[in-house]
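Notes to accompany the following structure.
What you see is a predicted model, and the numbers here were worked out from it, not measured in a lab.
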Amino acid sequence: MGRASRPERWGSGPNTNQGRRRRMTEAITLDEIDEMAASAFEGYVVRKDLARQFKGAYPVPTYVGEFLIGRYCATTDPDEIEEGLQVVRRLLADRTVRAGEEELFKSRARERMTIKLIDLVKARLDAKSNAYVAELPSLGLRDVRIDDAVVRDNERMLTGGFYAEVDLFYDAAIAEENNGKPFAIGSLRPIQLSTRDSLSRLAEGRSRFTTQQWKHLLLRSVGFEPAQLSDRAQDVLLLRMVPFVQRNFNMVELGPRGTGKSHLFQQVSPYAHLISGGKATVARMFVNNATGQRGLVAQYDVVCFDEVSGVSFDQKDGVNIMKGYMESGEFSRGRESIRADGSIVLVGNFDVDVAHQQRIGHLLSPLPPEMRDDTAFMDRIHAYLPGWHVPKLNPTYFTHHFGLVSDFLSECWSRLRDQSRLASIQGRVNYSDALSGRDLSAVNKTVDGLLKLLYPDAESAIADEDLEWAVRIALESRRRVKEQQRRIGAAEFRNTQFGYRLGEGVEQFVSTPELASPDSIGIDPLPPGQVWAISEGSGDAGPGLYRIEAADTPGSGARGLLNQAAPATLRESFKVAEQNLVAQARQLVGDRDPREHNLTAQVRALDAAKTGDGLGLPILLALASAMLQRSVRGGLIAVGNLSLGGGVETVLNAATLAEHAMEKGASALLLPVSARRQLLDVSDEVATKVSFIFYNDAQDALVKALDE
């Protein structure tokens, strides 16, 4: 490849239409990564902004245009680029069929006897003639003759098809026959720039980059400009790539519209198949029992369901078949068990923000009804990507720099699926006991995938900082799944304290950022009358965070709960607090008489738990704080219930409440002294982040809760 001998700021051409077009395509500054990529991957890089010029202009995906640009514009020389672009434009104009041009191309085939096309090639078995026939969608042809050998060599044309350069023949003699099929595919060339040594080329080129530079090149290769993205957004985009390099990897990404969730699975790789609208048949997805033809998961590296809320199958057991496949990588055809290694990706949109979604349910609520509350289905999800950390895309987020040609990169990714990096990190990472067997499997798959992206050479030494980066992302993306399971089946999935230790280092814990929502505990004192509280929960319902807001106005002693249709358990908690306030008024609020004040309270549930059971003591603190016009100390959560006679009831799950308080950002937990022994076994992280304040009775609790 010719290295640019001109100044880095590419200049303008003659004052002609061609010159103006050249100025438009040349006005970029080559940076260090561009120079390194052009040198390390000669013939396998392309200016991504050039590829975008063709997006939408011709009826082909992005990777088809990149294939041609990579063939004719693989240079940094602006004159050569412009010449190559003219060739690409001519090929796409002459060989792709726009809407309304179908009959024109058929006529050309008849007159010339053969034409060249770039089209999606599909095939099916015609049982009546016992022969394969091909389909060329852009021409509306469904009965094109094709040799059996061509189909056998390119089985993907039987399950959705692939783009190829096609030689299409027309035989006038056959056209005159009854039910004749005059069109025939003589030869085809898949849109493919890669070769057998592609992965070794990738590995050798990678050795010239630092890890950070390599991450940026990967992001540019799929069209994004890392300089415009936060580190968090970059990590999410890199995590999207893992299903391409990891067999049987199950991933979910939910987030706002317009963040490019399906782009990678539709435009970048021919090894991925996007199911739009979520509609699928068992025969197409897994196996056709009538013909024995293997389905999408056996033909593609990645099968992505777009708009996951609409996922449905033509058979009632379709979701169960998919659930079994996600667990074992197998599905049954009669008595035969068939293995496949296609990854399953589910992408969809949130209609509300994350904080609100957590208040009204859980973060997997957008899944279809058969999946959204099925904890067994959730357990098969290896990673949940926080799509809300990717900004809504606009032109500033797309790169104008060099990236690897999509076809070359996707071929290398496909071959990385045959490798693993887990053996090379054996013994370097130890995970906490909170991870179950499925958790460990999910985390290992994610770590393995991320490391293969960073280190395509299996012999490369993996740096500790890169290993820790992958481990933290993997733990977080799996814990996000676990947290949603806990909201549904709290008793079974209560322990989500995911941690790790590198070598002999100190154990580190990994949380999910959304646990610190806008309604999480802050360090500043709340206004008088407001208290944070945690309810123990009851039955299968786990602990829940509440915010209690009480108001005091002069009056005749009216007291009430403002919650509409409040649960009986919440009404009982308010009644207990109200009666204890009246009975212990002298000890709690001095010379203020509750019978001369109108007191109201509103209790906001901030978790899935909404019963308000066992909140007597926190509600009492809120009422007393409102009457005294004194704030409760910042960062404090109150726990406990009272009897009508003023006694303090026992807390049974203090350690779980302490962990929940830490996750919500509390710095102090106020709870009965009878719970002290239960807290001896809390994790080191909880013990160092949360202070425990014990009380004997309601008066003691109020004194210790009020801000000094």
Side-chain angles (χ1 to χ4, degrees), residues 48-49 51-52 55-56 61-63 215-216 218-244 249-269 272-278 302-311 343-358 362-368 372 381-401 403 406 409-410 446 449-450 453 473 476-477 480-481 484 512-514 517-518:
K48 293 294 174 172
D49 59 319
R52 284 200 303 276
K55 185 176 181 180
T62 300
Y63 64 81
K215 288 180 182 178
H216 287 183
L218 286 176
L219 291 170
R220 286 179 174 179
S221 296
V222 297
F224 297 105
E225 178 49 52
Q228 301 297 320
L229 297 165
S230 67
D231 289 344
R232 182 72 178 167
Q234 291 181 43
D235 288 347
V236 174
L237 294 176
L238 289 167
L239 189 52
R240 283 181 184 173
M241 303 175 189
V242 170
F244 291 90
F249 188 78
N250 307 318
M251 187 175 80
V252 168
E253 180 179 359
L254 301 174
R257 291 174 173 82
T259 56
K261 292 185 291 297
S262 61
H263 165 76
L264 192 62
F265 309 101
Q266 183 178 36
Q267 296 289 341
V268 173
S269 173
H273 185 84
L274 185 73
I275 300 177
S276 299
V302 185
V303 179
C304 175
F305 287 87
D306 197 10
E307 300 295 343
V308 65
S309 60
V311 170
S343 296
I344 300 291
V345 177
L346 307 174
V347 300
N349 300 316
F350 270 145
D351 293 325
V352 294
D353 62 49
V354 174
H356 181 59
Q357 186 71 38
Q358 290 188 116
H362 57 80
L363 297 183
L364 286 170
S365 296
L367 293 180
R372 68 170 62 118
I381 299 171
H382 299 129
Y384 182 164
L385 277 68
W388 48 89
H389 289 302
V390 178
K392 286 184 177 292
L393 300 179
N394 61 55
T396 64
Y397 293 108
F398 300 127
T399 190
H400 294 274
H401 292 274
S406 296
L409 181 62
S410 58
T446 308
L450 289 169
L453 288 170
I473 290 177
E476 179 195 319
S477 57
R480 186 169 289 106
V481 176
Q484 314 323 308
T512 60
E514 64 272 7
S517 68

Separation of [Y] [atom2] from [X] [atom1] (nearest 0.5 Å):
X    : Y    : atom1 : atom2 : answer
K215 : D235 : NZ    : CG    : 6.0 Å
L274 : S262 : CG    : OG    : 5.5 Å
H400 : F398 : NE2   : CZ    : 10.0 Å
L238 : L219 : CG    : CG    : 4.5 Å
S276 : Q266 : OG    : CD    : 6.0 Å
F244 : S343 : CZ    : OG    : 9.0 Å

Just so I know, are the side chains of [X] and [Y] near enough to count as touching, which here means a heavy-atom distance under 4.5 Å?
X    : Y    : value
R232 : P386 : yes
I275 : V311 : no
L254 : L363 : no
V308 : V252 : no
L229 : L237 : yes
K392 : P256 : yes
L393 : F224 : yes
V268 : H263 : yes

| Would L364 and Y384 count as a side chain to side chain contact (heavy atoms under 4.5 Å, CB included) if you check the C-alpha gap in whole Å, the side-chain angles of each, and the deciding distance to 0.1 Å? | CA-CA 9 Å; L364 286 170; Y384 182 164; 3.6 Å; yes
Can you name the nearest heavy-atom pair linking [X] to [Y], along with the distance?
X    : Y    : value
S477 : T446 : OG-CG2, 4.2 Å
R220 : P226 : CG-CD, 3.8 Å
F249 : P243 : CD2-CG, 3.8 Å
R240 : T259 : NH2-O, 3.1 Å
V481 : A383 : CG2-C, 4.5 Å
S406 : S221 : OG-O, 4.0 Å

| SB check E514 R480 (cutoff 4.0 Å) | yes
Check: [Y] main-chain N/O paired with [X] side-chain donor or acceptor under 3.5 Å:
X    : Y    : value
E253 : L385 : no
H389 : A233 : no
K48  : V222 : no
H362 : R372 : yes

| query | Who are the ring-ring contact (aromatic ring centres under 6.0 Å, His included) partners of H216, not counting sequence neighbours? | reply | none
| request: Show the numbers, then the answer: is there a side chain to side chain contact (heavy atoms under 4.5 Å, CB included) between H401 and E225? | output: CA-CA 8 Å; H401 292 274; E225 178 49 52; 3.3 Å; yes
| task | Under the side chain to side chain contact (heavy atoms under 4.5 Å, CB included) rule, what do L218 and L409 come out as? Steps first, then yes or no, please. | result | CA-CA 9 Å; L218 286 176; L409 181 62; 4.2 Å; yes
| Contacts of N394 that satisfy side-chain contact (heavy atoms from CB on, under 4.5 Å) - sequence neighbours left out | T396, Y397
